[in-house]
Q: 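Handing you this structure, nothing more for now.
Basis for what follows: all heavy atoms, side chains included, without hydrogens, waters or symmetry-related copies.
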Amino acid sequence: MNELITRLAVITVCVIVLAAAVIFIIAGRGGNNSVPDGESISESFFSEGTEDALPATASVTLSESRSVTVSTAETTGAETSPDGEAAEASDTDVTSVSRTIITSRVRKEYDNNSVYIDMENVLQLPELPVGCEITALTILLRHCGFDADKTDLAKNYLPVSWGNARSEDGKTYKDSFFDYFIGDPFSRGYGCFSNAIEKAANSYIADHGGGFTVKNISGSHPDVLYDYLAADVPVLCWATDGMIEPEFYETWYDNATGEQLDWYLNEHCFVLAGFNMSADLVTLNDPMKGIIDYNINRFETRYDQMHRQAIVIIPDGSGVSVTTRSENAETQVPETQASEPDITETSEDDFWNDFTEQGSEMIWGAEELTDGDQY
């Protein structure tokens with residue numbers, strides 16, 4: 001009897017031990033479903049190759065407490081909304097991954113067909129809803145080592161005009177957006193091109209110790225931009241927001257030269273930070289979207305449509321020399337000067353009354369930007 005009891009006890013203990021082992025094994029296999037750590041997320045989320053595609057949508061927290069959506073549609077140059085709302089670009093539901101600051105990438109090693117220059121991103125919102133150009137200059141100046149501030153540059157260095165509109169012989173004359181920011185980068189406006197940003201950059205550098213040369217390379221072939229990147233010099237340039245097709249909006253004539261000026265909506269400015277010829281991508285340091293990739297052919301088309309506007313800032317004594325293979329080295333303007341009749345100064349109220357009379361249905365401001373707005 002005692003022997004039977006002993007055998008039953010041993011069997012019971014064995015069964016308990018075996019059951020515990022089975023439970024332990026099952027629990028171990030099912031418990032490894034945690035989200036990867038930050039380093040693992042970084043390797044997959046910011047892959048710059050074509051094999052590891054970005055998730056269709058991923059919520060990202062930027063450095064100025066803004067949340068945007070990064071999408072595969074944006075990385076290939078698809079037409080997405082300026083707010084980055086690309087949820088409709090894919091029917092695939094993807095779990096959001098929260099990050100604190102993703103507006104800079106870790107420099108990686110590239111082959112001879114690829115370049116990426118890592119630099120800080122500065123977002124134009126909320127202070128400068130239409131100030132992409134001066135914010136892009138801020139990015140470039142900070143990369144050069146200056147403690148530049150976007151609002152300081154916008155207030156104290158950016159040439160600004162409300163247009164100074166006048167009529168003559170049935171034509172409307174205003175100041176040129178090549179030479180001035182037309183409007184107010186802190187609220188609403190048309191925008192500006194390279195001459196205005198060149199002036200702002202030269203003035204700022206002169207006031208802060210010099211040591212750099214601002215070079216307006218507008219008119220340059222896209223290959224020249226890539227040559228500068230290969231020489232470790234990022235390029236401030238113009239295209240359109242989201243690489244969407246520019247939309248004609250208004251024609252006027254330059255007060256200074258009489259040149260016809262055609263303004264197109266969706267104009268946007270950023271810093272060209274890299275390219276990958278094998279993947280047909282360019283990398284932009286964008287004041288609206290952060291660090292983002294676009295199809296290189298789409299970028300080059302929009303760059304052409306925005307008059308091939310570009311600027312570089314080169315350290316004095318650096319020895320950087322890039323041969324310009326431009327088909328049109330400088331922005332061409334007529335040599336004839338417009339006559340100079342009496343000019344009635346245009347107030348801010350008059351400017352926006354005139355703007356409204358053009359039939360614009362656009363909403364300007366940091367909270368309600370649409371695809372038609374200028375950045």
Side-chain angles (χ1 to χ4, degrees), residues 128-134 154-200 203 216 218-219 238-241 244-269 302 304-309 328 330-365 368-375:
L128 302 173
V130 291
C132 61
E133 304 94 345
I134 202 66
K155 288 178 182 178
N156 300 312
Y157 294 97
L158 180 65
V160 174
S161 169
W162 287 104
N164 294 318
R166 61 183 176 87
S167 294
E168 180 188 351
D169 298 330
K171 296 180 179 179
T172 298
Y173 287 81
K174 297 181 185 179
D175 292 338
S176 173
F177 45 75
F178 284 93
D179 300 320
Y180 299 93
F181 184 98
I182 307 299
D184 179 5
F186 289 91
S187 57
R188 48 190 180 169
Y190 290 80
C192 66
F193 281 145
S194 60
N195 294 351
I197 295 302
E198 180 184 10
K199 292 176 184 176
S203 296
N216 191 330
S218 294
W238 279 255
T240 62
D241 181 68
I244 63 177
E245 181 72 28
E247 178 185 351
F248 172 76
Y249 179 67
E250 182 181 355
T251 292
W252 70 81
Y253 295 84
D254 186 2
N255 273 327
T257 68
E259 176 192 13
Q260 179 176 320
L261 301 171
D262 298 322
W263 181 256
Y264 287 81
L265 302 178
N266 314 319
E267 169 262 341
H268 193 39
C269 184
R302 304 305 181 224
D304 283 342
Q305 291 172 319
M306 289 293 110
H307 311 288
R308 291 187 173 184
Q309 297 290 291
N328 180 18
E330 297 180 358
T331 301
Q332 299 297 317
V333 296
E335 294 181 359
T336 56
Q337 297 293 317
S339 58
E340 298 182 1
D342 294 336
I343 298 176
T344 302
E345 294 292 329
T346 306
S347 67
E348 179 176 348
D349 290 339
D350 292 336
F351 175 87
W352 289 113
N353 288 337
D354 177 65
F355 182 83
T356 303
E357 289 173 0
Q358 299 293 330
S360 172
E361 297 179 354
M362 295 181 295
I363 301 174
W364 301 83
E368 298 178 297
L369 294 169
T370 70
D371 272 348
D373 295 336
Q374 181 272 327
Y375 294 97

Q: Side chains of Leu158 and Cys192, heavy atoms from C-beta outward: is any pair under 4.5 Å?
A: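 They are in side-chain contact.
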Q: What's the shortest heavy-atom distance between Ser187 and Pro129, and which atoms?
A: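 Of all heavy-atom pairs spanning Ser187 and Pro129, the closest is O-CG, 3.5 Å.
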Q: Do the non-hydrogen side-chain atoms of Tyr253 and Lys174 ever get within less than 4.5 Å of each other?
A: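 Not in contact.
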Q: Does the side chain to side chain contact (heavy atoms under 4.5 Å, CB included) test come out yes or no for Phe178 and Leu261, once each step is laid out?
A: CA-CA 9 Å; Phe178 284 93; Leu261 301 171; 4.0 Å; yes
Q: Any side-chain to backbone donor/acceptor pair from Trp252 onto Asp175? Under 3.5 Å, distance only.
A: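 Side chain of Trp252 to backbone of Asp175, a donor-acceptor pair under 3.5 Å: yes, one is there.
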Q: Compare every heavy atom of Cys269 with every heavy atom of Cys132, then report the nearest pair and how far apart it is.
A: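 Taking Cys132 first and Cys269 second, the nearest heavy atoms are SG-N, 3.5 Å.
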Q: Considering only heavy atoms from C-beta outward, does the side chain of Glu133 approach that of Phe193 to under 4.5 Å?
A: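 No, too far: nothing below the 4.5 Å cut-off.
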Q: Can you tell if the side chain of Phe248 reaches within under 4.5 Å of the side chain of Asp262, non-hydrogen atoms only?
A: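 The answer is yes, as the side chains (C-beta and beyond) meet within the 4.5 Å cut-off.
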Q: Kindly indicate whether the side chain of Asn216, heavy atoms from C-beta on, has any atom under 4.5 Å from the side chain of Ile197.
A: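 Side-chain contact under 4.5 Å: no.
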Q: Can you name the nearest heavy-atom pair linking Ser167 to Thr172, along with the distance?
A: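 Taking Ser167 first and Thr172 second, the nearest heavy atoms are OG-OG1, 4.5 Å.
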Q: Do you know the tightest heavy-atom contact between Ser194 and Ser218?
A: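 Looking at all heavy atoms of both residues, the closest pair is OG-OG, 3.0 Å.
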Q: Please determine if Asp304 and Arg308 form a salt bridge, counting it only when a charged side-chain N lies under 4.0 Å from a carboxylate O.
A: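 Salt bridge: yes.
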Q: Establish, from distance only, whether the side-chain atoms of Asn195 and Asp179 form a donor-acceptor pair under 3.5 Å.
A: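 Per modelled atom types, Asn195 and Asp179 side chains form a pair under 3.5 Å.
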Q: Checking Glu259 side chain against Thr257 main chain: does a donor-acceptor pair fall under 3.5 Å?
A: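 Not at all, since once roles are kept as given, no pair shorter than 3.5 Å links the two residues.
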Q: Check the pair Tyr157 / Lys199 against side chain to side chain contact (heavy atoms under 4.5 Å, CB included), numbers first and verdict last.
A: CA-CA 8 Å; Tyr157 294 97; Lys199 292 176 184 176; over 6 Å; no
Q: If you define the side chain from C-beta out and look only at heavy atoms, does anything of Glu267 sit under 4.5 Å from Pro246?
A: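 Sidechains of Pro246 and Glu267: no contact.
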Q: Does Phe177 CZ have over 12 foreign heavy atoms under 6.0 Å away?
A: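 Yes, CZ of Phe177 has more than 12 neighbouring heavy atoms, counting only those of other groups under 6.0 Å.
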Q: Quick one: are Asp184 and Trp162 in side-chain contact, heavy atoms under 4.5 Å?
A: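 Heavy-atom side-chain distance check passes, below 4.5 Å.
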Q: Considering only heavy atoms from C-beta outward, does the side chain of His268 approach that of Arg302 to under 4.5 Å?
A: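 Answer no - side chains too far apart.
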Q: Any side-chain to backbone donor/acceptor pair from Asp169 onto Lys171? Under 3.5 Å, distance only.
A: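 Answer holds: no.
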Q: Over all heavy atoms of both residues, which pair between Val160 and Pro185 is shortest? Give the atoms and the distance, please.
A: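 Closest approach of Val160 to Pro185, heavy atoms only: CG2-CD, 4.4 Å.
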Q: Strictly distance-based, threshold 3.5 Å: is any side-chain N or O of Arg188 a donor or acceptor partner for the main-chain N or O of Gly183?
A: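 Here the side-chain-to-backbone pair does not exist.
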Q: Only one of Tyr264, Tyr190, Trp263 forms a side chain to side chain donor-acceptor pair (under 3.5 Å) with Glu250, so which one is it?
A: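 Between Glu250 and the candidates, side chain to side chain donor-acceptor pair (under 3.5 Å) is satisfied uniquely by Tyr190.
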Q: Can you tell me how far apart CD (Gln309) and CH2 (Trp238) are? Round to the nearest 0.5 Å.
A: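 So the gap between those two atoms works out to 6.0 Å.
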Q: Looking at Val130 and Gly189, what are the two nearest heavy atoms and their distance?
A: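 Closest heavy-atom pair between Val130 and Gly189: CG2-N, 3.8 Å.
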Q: Using distance alone, with no hydrogens and no angle criterion, decide if Asn266 and Thr240 have a side-chain donor and acceptor under 3.5 Å apart.
A: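 Thr240 and Asn266 do not have a side-chain donor-acceptor pair below 3.5 Å.
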